[in-house]
Amino acid sequence: NYSQIIYIADVAGEMLSTAMSAFEERDAEMAREMAHKDALIDQECRSILRGLIGYMMEGNSDLAVVMQVGLVTRSVERIGDHAKNISEYVLYMIKGRSARNYCTI
């Protein structure tokens with residue numbers, strides 16, 4: 001469903017913007033928000049990929065389209081991952097120790 005991809009792309013874009021603002025403002029609280037949004041994107045991506053598998057199992061044979069939609073979905077998910085990584089680095093800059101523990105709280 002293309003609307004799901006647009007939704008996760010919007011969330012990923014917000015994440016990237018927030019991560020960059022957190023970096024610019026050295027705002028730890030803003031950076032901490034990323035883990036929850038990243039989990040949301042991951043969940044939606046799994047849903048999209050399950051839908052694509054179901055589409056193919058129904059006998060729809062347009063493999064090229066399914067592959068491209070899957071690749072777009074995965075690429076958008078990676079944008080969210082990168083935004084989360086940026087926020088972890090921001091937390092490291094602020095706290096002076098590994099930020100992975102902060103982003104999962």
Side-chain angles (χ1 to χ4, degrees):
N1 189 339
Y2 293 130
S3 63
Q4 283 179 292
I5 296 171
I6 292 168
Y7 171 70
I8 63 170
D10 288 343
V11 173
E14 286 175 23
M15 286 178 67
L16 186 57
S17 177
T18 300
M20 296 310 296
S21 293
F23 173 74
E24 184 178 344
E25 298 170 23
R26 308 297 193 267
D27 187 329
E29 195 57 39
M30 193 183 300
R32 277 192 197 101
E33 296 174 14
M34 295 300 107
H36 304 293
K37 290 183 180 181
D38 185 54
L40 172 69
I41 288 177
D42 291 346
Q43 179 181 356
E44 288 294 320
C45 284
R46 285 190 295 274
S47 173
I48 292 167
L49 295 176
R50 278 193 304 272
L52 290 174
I53 291 168
Y55 177 78
M56 291 301 294
M57 291 178 71
E58 291 173 358
N60 299 307
S61 61
D62 200 351
L63 182 60
V65 171
V66 170
M67 291 297 298
Q68 292 302 314
V69 171
L71 290 172
V72 167
T73 300
R74 179 70 177 124
S75 295
V76 170
E77 190 265 338
R78 288 297 299 144
I79 293 169
D81 289 343
H82 288 304
K84 181 182 172 199
N85 291 343
I86 291 168
S87 68
E88 289 174 348
Y89 296 136
V90 169
L91 287 168
Y92 181 81
M93 286 176 13
I94 295 167
K95 300 294 183 179
R97 58 182 186 257
S98 177
R100 297 206 184 262
N101 297 329
Y102 295 111
C103 285
T104 58
I105 293 175

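The analysis underlying the following values was restricted to heavy atoms, covering all of them including side chains, and did not include hydrogens, waters or symmetry mates.
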Compare every heavy atom of [Y] with every heavy atom of [X], then report the nearest pair and how far apart it is.
{"X": "S87", "Y": "A31", "answer": "CB-O, 3.3 Å"}
{"X": "K37", "Y": "E14", "answer": "NZ-OE1, 3.9 Å"}
{"X": "A83", "Y": "A19", "answer": "O-CB, 3.5 Å"}

I'd like to know whether L16 forms a side-chain contact (heavy atoms from CB on, under 4.5 Å) with H82, so could you lay out the CA-CA distance, the side-chain angles of the two residues, the decisive distance to 0.1 Å, and finally the verdict. CA-CA 8 Å; L16 186 57; H82 288 304; 5.9 Å; no
Approximate separation, where rounding is to 0.5 Å, of [X] [atom1] and [Y] [atom2]:
{"X": "E88", "Y": "K95", "atom1": "CD", "atom2": "NZ", "result": "14.5 Å"}
{"X": "M56", "Y": "M67", "atom1": "CE", "atom2": "CE", "result": "9.5 Å"}
{"X": "D10", "Y": "I5", "atom1": "CG", "atom2": "CD1", "result": "12.0 Å"}
{"X": "M30", "Y": "R32", "atom1": "CE", "atom2": "CZ", "result": "12.0 Å"}
{"X": "E33", "Y": "D38", "atom1": "CD", "atom2": "CG", "result": "13.5 Å"}
{"X": "S21", "Y": "R26", "atom1": "OG", "atom2": "CZ", "result": "12.0 Å"}

Is it the case that S47 and Q4 place a side-chain donor and acceptor less than 3.5 Å from each other?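 Indeed, the side chains of S47 and Q4 share at least one donor-acceptor pair under 3.5 Å.
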Walk me through it: do L40 and Y7 pass the test side-chain contact (heavy atoms from CB on, under 4.5 Å)? CA-CA 11 Å; L40 172 69; Y7 171 70; 3.2 Å; yes
Grouping I, L, V, M, F, W and Y whenever their side-chain heavy atoms are under 4.5 Å apart, do [X] and [Y] come out in a common cluster?
{"X": "Y55", "Y": "M57", "answer": "no"}
{"X": "V90", "Y": "I79", "answer": "no"}
{"X": "V72", "Y": "Y2", "answer": "yes"}

Full working for side-chain contact (heavy atoms from CB on, under 4.5 Å) between I8 and E77: CA-CA 8 Å; I8 63 170; E77 190 265 338; 5.6 Å; no
With a 4.0 Å cut-off, would you call D81 and R78 a salt bridge?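 The answer is yes: the pair qualifies as a salt bridge.
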Short side-chain to backbone donor-acceptor contact, S17 and G13, under 3.5 Å: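 Pair absent, no side-chain N/O of S17 close to backbone of G13.
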